[in-house]
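Take a look at the structure below.
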Amino acid sequence: MSRLAEKSIILGVTGGIAAYKTCDLTRQLIQAGACVRVVMTRAATSFVAPLTFQALSGNPVHLDLLDTEEESAMGHISLARWADLVLIAPATADFIAKLRLGLAGELLGAICLAAEVPIVLAPAMNRAMWSNPATQENVASLSARGVRLLGPADGAQACGESGLGRMMEPTDLCRAVEEFFADKTLDGHSVLVSAGPTREPIDPVRYLTNRSSGKMGYALAQAAINAGAKVTLVSGPVFLAPPKEATLVNVETAADMFEVVTGLAPQHDIYIGTAAVADYTPAAVAEGKIKKHHEALDIRLTRTRDILAAVARLPKKPFTVGFAAETDHLESYAREKLERKGLDMVAANRVGQSQGGFDSDENALWVVWPGGELQLPMASKQQIATQLIELISDNYRAKNST
Ligand code: PMT
C-alpha cells in the first residue's frame with residue numbers, strides 16, 4: 001500500500017506556467033490514495049482553471065480568504081488543521097518571498113502561516129530569478145525554519161532559457177512526497193555515506209578516474225535523511241546537488257577519502273561505502289605536465305588503502321555496509337566480500353550493462369548479510385535507496401538488540 005494512502009494533502013498552486021504540470025501531480029497523488037484539496041492563488045487561475053483541479057481532485061477548489069461561505073465551512077484554519085502536509089507546486093519567486101515574510105493576504109499564505117504540519121515547496125521560475133540572491137536568501141531562511149524544498153530541476157525552461165529553475169516532474173514530486181511519509185526508522189541515528197568516484201592525479205593536468213556519477217550514493221544520503229537520520233556525505237567530484245540536510249565533505253583522491261571516512265566513521269552509527277574508490281593510484285605524480293616524447297608511456301600504479309576494510313576494523317566500528325560492483329558471479333563475490341572484510345552487509349550491483357550500475361538512473365541490487373539475502377529488482381536509484389535504507393535499519397536494529 002502506498003504511504004500516501006489516506007494522507008490529507010493541501011496542494012497549493014501559485015501563478016507560474018508550471019501549474020499545468022500540477023494537474024498531472026494532482027492525478028498522481030489521488031491515484032496513490034491521498035486526499036487532495038487544491039488551494040489556488042488568484043494568479044494561478046490565469047494558468048489553469050479551478051474547474052480542472054476540482055475535477056482531478058474530486059474536491060472543491062479553494063480560492064479566497066474572504067469568501068464568507070468558505071470561511072464558515074472550511075476556512076483557512078480548518079484547512080490548515082485538516083492537512084497532514086502542505087505542498088506548494090509550483091512555488092513562484094513571489095510566493096516564496098511572501099512566505100518568508102509571513103504575509104497572509106491570500107488564502108494560501110494564511111494557510112501556511114496557520115499550518116502546524118510540514119510545508120514543502122516545489123519552486124519553479126526562470127533560472128536567473130532562482131539564482132538571484134533575494135530568492136536564495138528567501139529559500140535559505142525558509143529551509144532554516146524547516147520548510148522543505150523539492151527541486152528545482154535543471155533543464156529547458158518555458159521562457160526559452162535553460163538552467164536550474166524547472167519544477168520537478170510530477171512523478172518525481174509524487175515519489176518525493178511519498179518518501180516524506182516514510183517511517184522515521186533512523187530517527188536519532190547518524191549515517192556516513194561515501195559517494196562518487198575518486199581522482200588519482202598523474203600530473204598537474206591529468207588523472208585516473210571511473211564512471212561513477214554519485215547518483216546512488218546521493219540517493220542513499222537522501223533516503224537516510226528521509227528515514228530521520230543525520231547524514232554526512234563524503235563525496236568525490238560529481239555534478240550533483242547534495243541533499244540540503246546533509247553535511248557535505250568534498251574529497252578528491254582515494255587517500256583523501258580514506259582519511260576523512262576513517263576519521264568520521266567512529267562518530268557515526270552506520271557507514272555505507274557507495275563510492276567507487278580507485279583501487280590503484282599512480283606511484284608518483286609528475287611535477288610538470290608529462291610531454292609526449294615517447295611512443296609509449298608506462299605509469300606505475302600502487303594499491304590504495306581499503307577504506308571499507310579499515311572502517312570494519314575500527315575498535316568503535318559503525319554498522320558497515322559495502323558495495324560490490326561486479327560484471328559476473330554477483331552473489332558469490334558479494335558473500336565472499338562480506339566475510340573477508342568482516343562487513344555487516346554488502347549490496348552488489350551488476351556493472352558494464354546498459355541499465356543499472358555506473359551513471360545510470362536505475363539500479364538493481366543483490367543484498368547479502370550474515371544469515372540473509374534479498375534481491376532488489378531494477379528500479380530508480382531513489383527507490384532502490386529507500387529499500388536499501390529500510391533493510392539496513394532493520395538489520396542495524398536487529399544487531400543492536402542482541
Ligand atoms: O555513482 P553511480 O554512477 O550512481 O554508480 C553507483 C556505483 C555503481 C558506483 C555503486 O552502486 C557501486 O557499486 N559502488 C561501489 C563501486 C566499487 O568500487 O566497487 P568495488 O567492488 O570495487 O569495491 C567494493 C567496496 O569497497 C565498495 O564499497 C568501495 O567503496 C570499497 N572500497 C574500494 C576500494 C578502496 N580503496 N576502498 C574502499 O572502501
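Order of listing sets the numbers, starting from 1, for every ligand and every atom in it.
In terms of protein heavy-atom proximity, atom 7 (C) of ligand 1 is closest to Asn349 OD1, 4.2 Å. Given atom 6 (C) of ligand 1, the protein heavy atom at minimum distance is Met216 CB, 3.6 Å. In terms of protein heavy atoms, atom 29 (C) of ligand 1 is closest to Ala275 O, 3.3 Å.
Nearest residue to atom 39 (O) of ligand 1 from Val311, Leu308, Thr198 is Leu308 (criterion: closest heavy atom). Of the listed options Asp361, Leu343, Asp306, Asp279, Asp279 places a heavy atom closest to atom 34 (C) of ligand 1. Relative to atom 9 (C) of ligand 1, the option among Phe358, Tyr280, Tyr271 with the closest non-hydrogen atom is Phe358. Of the listed residues (Arg350, Glu326, Lys337), the one carrying the non-hydrogen atom nearest atom 21 (O) of ligand 1 is Lys337.
Near Thr304, the atoms of ligand 1 lying under 4.0 angstrom from a non-hydrogen atom of the residue are 36 (N). Residue Lys381 approaches ligand 1 through these ligand atoms, each under 4.0 Å from one of its heavy atoms: 2 (P), 3 (O), 4 (O), 5 (O). Residue contact check: Lys215 has heavy atoms under 4.0 Å from atoms 1 (O), 2 (P), 4 (O) of ligand 1. Near Lys341, the atoms of ligand 1 lying under 4.0 angstrom from a non-hydrogen atom of the residue are 26 (O).
Counting heavy atoms under 4.0 Å from ligand 1, residue Arg305 touches it through the backbone alone. Counting heavy atoms closer than 4.0 Å to ligand 1, residue Ala254 contributes nothing at all.
The minimum heavy-atom distance linking Ser194 with Gly273 is given by the pair OG-CA, 3.4 Å.
For the residue pair Thr253 / Asp256, a side-chain donor-acceptor distance below 3.5 Å is found, with atom types taken as modelled.
Residue pairs meeting the side chain to side chain donor-acceptor pair (under 3.5 Å) criterion with at least one partner in residues 343-363, sequence neighbours excluded, are Lys215-Asp361, Lys317-Asp344, Asp344-Lys399, Asn349-Asn363.
Close N/O approach between Ala276 and ligand 1 is not found [any backbone or side-chain N/O within under 3.5 Å]. Taking distance alone, with nitrogen or oxygen atoms compared against 3.5 Å, Ser213 approaches ligand 1 more closely than that limit. Checking only distances, Phe323 does come within under 3.5 Å of ligand 1, N or O to N or O.
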